[in-house]
Amino acid sequence: MCSDPISGIIQTGIFCVRNTGKVVSGKDTGRIGATGAQLVSLTDKLSHNASIFGEGVLNMTNTADNFICKTLKNIGKEGVADTLESAAKASNGSVVGTIASKAVNPLLVGAAGIRVLKDDDQYSALIEETSAMGMMFGAEKLMKSAKETFFDIAENGAKEITEQTDFIQGIKNLATKALNTAATKFSKLSKGGQTVTKVGIGLLFVAGSITAYSIGKTIGKKLTGRDETVDNNTDTAKTAAADTTKG
């Protein structure tokens, strides 16, 4: 079972708004590519699941899908075309939306590269961005897997828990038990209750991604020692302000 479209719309929408704000404000113009991809992905999700754009957008995406797949097959890339079509079908979207969705993370990595190049201390910036992006992508992968398992359990029933053989398997078993319990309760909710829960899951995904990035960035700054520079500058500013007050 694919992840629920409501939580996906919430996630993509919030990320798109956040990145648009950073681009427009000039704080991180390198995110413009990822923002564009997220906008395409969001439009695709809405057009296929909410129908707020009517048939116009669907017709455009269908035309684009046919063109992309036909072109790929003409140049001997039938396997790629089939993979994209399967992914689009599984996500209840279009090939264009699938490509845009898959392009977001590489484009975010590109934006991180631009931030590194703009930094006066590129070596330190590289360590910090690698730590932040790595932590964020790792957390998102875990959350995506948990979310897909959750909705799969809600639709098809509890997952079997394998025999515990080591510490890692024990952790997986605990996670499976928690997902089994949560998904079972979710399946018994009213339609309205399920919708609210899906929105909440989308919000939790966003919060988890942002938190993971922040933690990774903090770890990176600890490794480079630049967190101490920030603290020293803050202390100096406080001391100067205190001296001014005394004067």
Side-chain angles (χ1 to χ4, degrees), residues 2-72 77 80-81 83-119 125 129-130 132-137 139-141 143-144 147 199 202-203 205-210 212-214 216-217:
C2 62
S3 295
D4 179 80
I6 294 177
S7 58
I9 289 171
I10 295 296
Q11 292 165 206
T12 307
I14 294 176
F15 284 135
C16 186
V17 170
R18 279 176 54 83
N19 286 329
T20 298
K22 291 180 180 181
V23 171
V24 172
S25 66
K27 292 181 179 179
D28 194 355
T29 54
R31 290 178 183 255
I32 189 169
T35 302
Q38 287 170 334
L39 181 59
V40 172
S41 178
L42 177 61
T43 303
D44 182 59
K45 285 180 170 65
L46 288 171
S47 64
H48 282 82
N49 297 288
S51 300
I52 66 172
F53 296 113
E55 294 295 322
V57 172
L58 289 175
N59 289 335
M60 284 191 292
T61 56
N62 287 337
T63 300
D65 285 1
N66 291 333
F67 174 77
I68 292 171
C69 292
K70 184 177 181 180
T71 300
L72 287 171
K77 299 294 182 180
V80 176
T83 299
L84 287 173
E85 288 176 331
S86 296
K89 184 177 180 180
S91 63
N92 191 32
S94 68
V95 170
V96 173
T98 299
I99 293 173
S101 180
K102 291 184 179 297
V104 171
N105 283 352
L107 288 169
L108 286 175
V109 172
I114 292 174
R115 290 195 294 273
V116 170
L117 292 175
K118 287 183 176 180
D119 200 294
E129 289 295 340
T130 299
M133 299 299 285
M135 185 72 75
M136 182 184 75
F137 289 147
E140 287 183 350
K141 184 177 181 179
M143 289 189 292
K144 181 180 178 181
K147 187 175 75 167
V199 171
L203 293 174
F205 187 98
V206 173
S209 175
I210 294 172
Y213 180 90
S214 298
K217 195 66 177 284

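Computed from a predicted model, the values in this text were never measured in an experiment. Positions are given from 1 along the sequence.
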(message) Restricting to side-chain hydrogen bond (donor to acceptor under 3.5 Å, both in side chains), what partner residues turn up for T98, sequence neighbours left out?
(response) none
(request) Check whether any side-chain N or O of S101 sits under 3.5 Å from a backbone N or O of G97 as a donor-acceptor pair, and report yes or no. (result) no
(request) Could you list the residues that satisfy salt bridge (charged side-chain N to carboxylate O under 4.0 Å, His left out) with E129, not counting sequence neighbours? (result) R115, K217
(message) I need the minimum non-hydrogen distance between C69 and A81, along with the two atoms involved.
(response) O-CB, 4.1 Å
(request) Using modelled atom types only, decide if a donor and an acceptor are shared between the side chain of D28 and the backbone of K22 within a distance under 3.5 Å. (result) no
(request) Go through the steps to decide whether T29 and K118 satisfy the test side chain to side chain contact (heavy atoms under 4.5 Å, CB included), and finish with yes or no. (result) CA-CA 11 Å; T29 54; K118 287 183 176 180; 3.5 Å; yes
(request) Please answer whether the main-chain N or O of N59 pairs with a side-chain N or O of T63 as donor and acceptor at a distance below 3.5 Å. (result) yes
(message) Would you say that more than 12 heavy atoms from the other residues, nucleotides or ligands in this model lie under 6.0 Å from the CD1 of I32, or not?
(response) no
(request) Rounded to the nearest 0.5 Å, what's the gap from CG on L39 to CZ on F15? Could you check? (result) 15.5 Å
(request) Please determine which of V206, N19, I9 meets the side chain to side chain contact (heavy atoms under 4.5 Å, CB included) test together with I14. (result) V206
(request) Only counting residues at least two apart or in another chain, list the ones meeting side chain to side chain contact (heavy atoms under 4.5 Å, CB included) with V40. (result) V96, A100
(request) With sequence neighbours excluded, tell me which residues meet side chain to side chain contact (heavy atoms under 4.5 Å, CB included) with I99. (result) I68, L84, V95
(message) Under a 3.5 Å cutoff, is there a donor and acceptor pairing between the side chains of K147 and Q11?
(response) yes
(message) Tell me the closest heavy-atom pair linking A112 and M133, and the distance in Å.
(response) CB-CG, 4.1 Å
(message) If the condition is side chain to side chain contact (heavy atoms under 4.5 Å, CB included), which residues does N105 pass it with, not counting sequence neighbours?
(response) L108, F137, E140
(request) Please name all residues satisfying side chain to side chain contact (heavy atoms under 4.5 Å, CB included) with L107, sequence neighbours left out, ordered by chain then number. (result) A34, A37, A103
